[in-house]
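For this chain, numbers begin at 1 and follow the sequence in order. Only heavy atoms go into these numbers, but all of them, side chains included; no hydrogens, no water, no symmetry mates.
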Amino acid sequence: MIMKTAFTLLLAAASLALPQDTPKPDAPEKPKGTPAPVAAKPVLTQDELEAKFIATMSKATMTGRWCLIQDGKLTPERDEKYTIIGAKKIEGDSWMIGSKMNYGGQEIIMPIPVKVKWAGDTPVITVDNLKIPGGGTYSARVLVYEHTYAGTWSGGDKVGLLSGLITNEKE
């Protein structure tokens, strides 16, 4: 009995003396090239999330592609480009986005009232039955993430998808 206890203590002392990063003999080896664990992203406050959204949508160009959905199928994609002057929170989830548009042959800045809903840390621009003078009535959901955008829209009897990149003017 004393011999068994002494042997157990000797084994425990030997295992404590091993360097911490040395794999135990019975532990499987980690394959070469296995990436290190990714550190968790810091959790931002709502104010920080909104400031990040404002920065993303200030002096921004949204360049991408859109297509229609017709008879359950996607049509060929077409290029799109939007110039955004900025975004301003009004109250609650109500925001105003200033967008440059060509209207009547002239370039104007049009304030577009939107709602911004949050899916965790991701803003979703929400438009419901927005009337654009001379342009119809539109609804949309556009997700903005890490200088990309993707969403769906409808206007009149048309429905479609859109996606692309967001770039900001350098100062």
_side-chain contact (heavy atoms from CB on, under 4.5 Å) assessment of Lys170 paired with Lys59_ = CA-CA 9 Å; Lys170 303 288 182 209; Lys59 296 182 181 178; over 6 Å; no
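- Listed for the Glu48 side chain is a donor-acceptor partner under 3.5 Å among the backbone atoms of Thr45.
- Distance check, rounded to the nearest 0.5 Å: OG1 of Thr63 to OH of Tyr82 gives 10.5 Å.
- A 4.5 Å side-chain heavy-atom check between Lys117 and Asp93 finds at least one atom pair inside the cut-off.
- Taking both residues in full, the closest heavy atoms of Val127 and Tyr138 are given as CG1-O, 3.6 Å, listed atom of the first, atom of the second, then distance.
- Here salt bridge (Lys or Arg N to Asp or Glu O under 4.0 Å) pairs that include residues 142-157, with residues two or more places apart or in two chains, are Lys52-Glu146.
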*Start with the C-alpha gap between Ile85 and Lys100, add the side-chain angles, then the distance that decides, and say whether side-chain contact (heavy atoms from CB on, under 4.5 Å) holds.*
CA-CA 7 Å; Ile85 304 305; Lys100 279 188 188 176; 3.6 Å; yes
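- Between Ile54 atom CD1 and Leu49 atom CG the span is 11.0 Å, to the nearest 0.5 Å.
- Both Trp118 and Met57 belong to a single network of hydrophobic side chains, linked directly or stepwise wherever heavy atoms of I, L, V, M, F, W or Y lie under 4.5 Å apart.
- Note that CE of Met62 is 10.5 Å distant from OG1 of Thr56, once rounded to the nearest 0.5 Å.
- Scanning for side chain to side chain contact (heavy atoms under 4.5 Å, CB included) contacts around Leu161 gives Cys67, Ile69, Leu74, Thr152, with sequence neighbours left out.
- Side-chain contact between Thr83 and Glu169: absent, with no pair of heavy atoms (C-beta onward) separated by less than 4.5 Å.
- Under a cut-off of 6.0 angstrom, the local environment of CD in Gln46 is crowded, with over 12 non-hydrogen atoms contributed by other residues, nucleotides or ligands.
- Considering CD1 of Ile132 and CG of Leu130, their distance stands at 4.0 Å, rounded to 0.5 Å.
- Within the model, atoms OG1 of Thr122 and OH of Tyr145 stand 6.0 Å from one another, a figure rounded to the nearest 0.5 Å.
- Residues that satisfy the side chain to side chain contact (heavy atoms under 4.5 Å, CB included) test with Leu68, not counting sequence neighbours, are Trp66, Gln70, Thr75, Trp153, Lys158.
- For Ser99, the side chain to side chain contact (heavy atoms under 4.5 Å, CB included) test picks out Ile84, Met101, Ile112, with sequence neighbours left out.
- Partners of Lys131 by side chain to side chain contact (heavy atoms under 4.5 Å, CB included), not counting sequence neighbours, listed by chain and number: Thr137.
- Looking at every heavy atom in both residues, Ala87 comes nearest to Ile97 through CB-CG1, 4.1 Å.
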*Step-by-step side-chain contact (heavy atoms from CB on, under 4.5 Å) determination, Leu162 to Val142*: CA-CA 8 Å; Leu162 54 96; Val142 181; 4.2 Å; yes
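- Scanning for salt bridge (Lys or Arg N to Asp or Glu O under 4.0 Å) contacts around Arg65 gives Glu77, Asp79, with sequence neighbours left out.
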*So Ser94 and Lys115, side chain to side chain donor-acceptor pair (under 3.5 Å) or not? Walk me through it.*
CA-CA 5 Å; Ser94 295; Lys115 300 282 185 185; 3.0 Å; yes
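- Across every non-hydrogen atom of Gly64 and Tyr149, the tightest pair is N-OH, 3.3 Å.
- Atom OG1 of Thr61 and atom CG of Asn168 lie 8.0 Å apart (nearest 0.5 Å).
- Taking hydrophobic clusters as Ile, Leu, Val, Met, Phe, Trp and Tyr residues chained together by side-chain heavy-atom distances below 4.5 Å, Ile109 does not share a cluster with Met96.
- Across all their heavy atoms, Trp95 and Lys89 have their closest contact at CE3-N, 3.4 Å.
- In the hydrophobic clustering of ILVMFWY residues, with side-chain heavy atoms under 4.5 Å counting as a link, Met110 and Val116 come out together.
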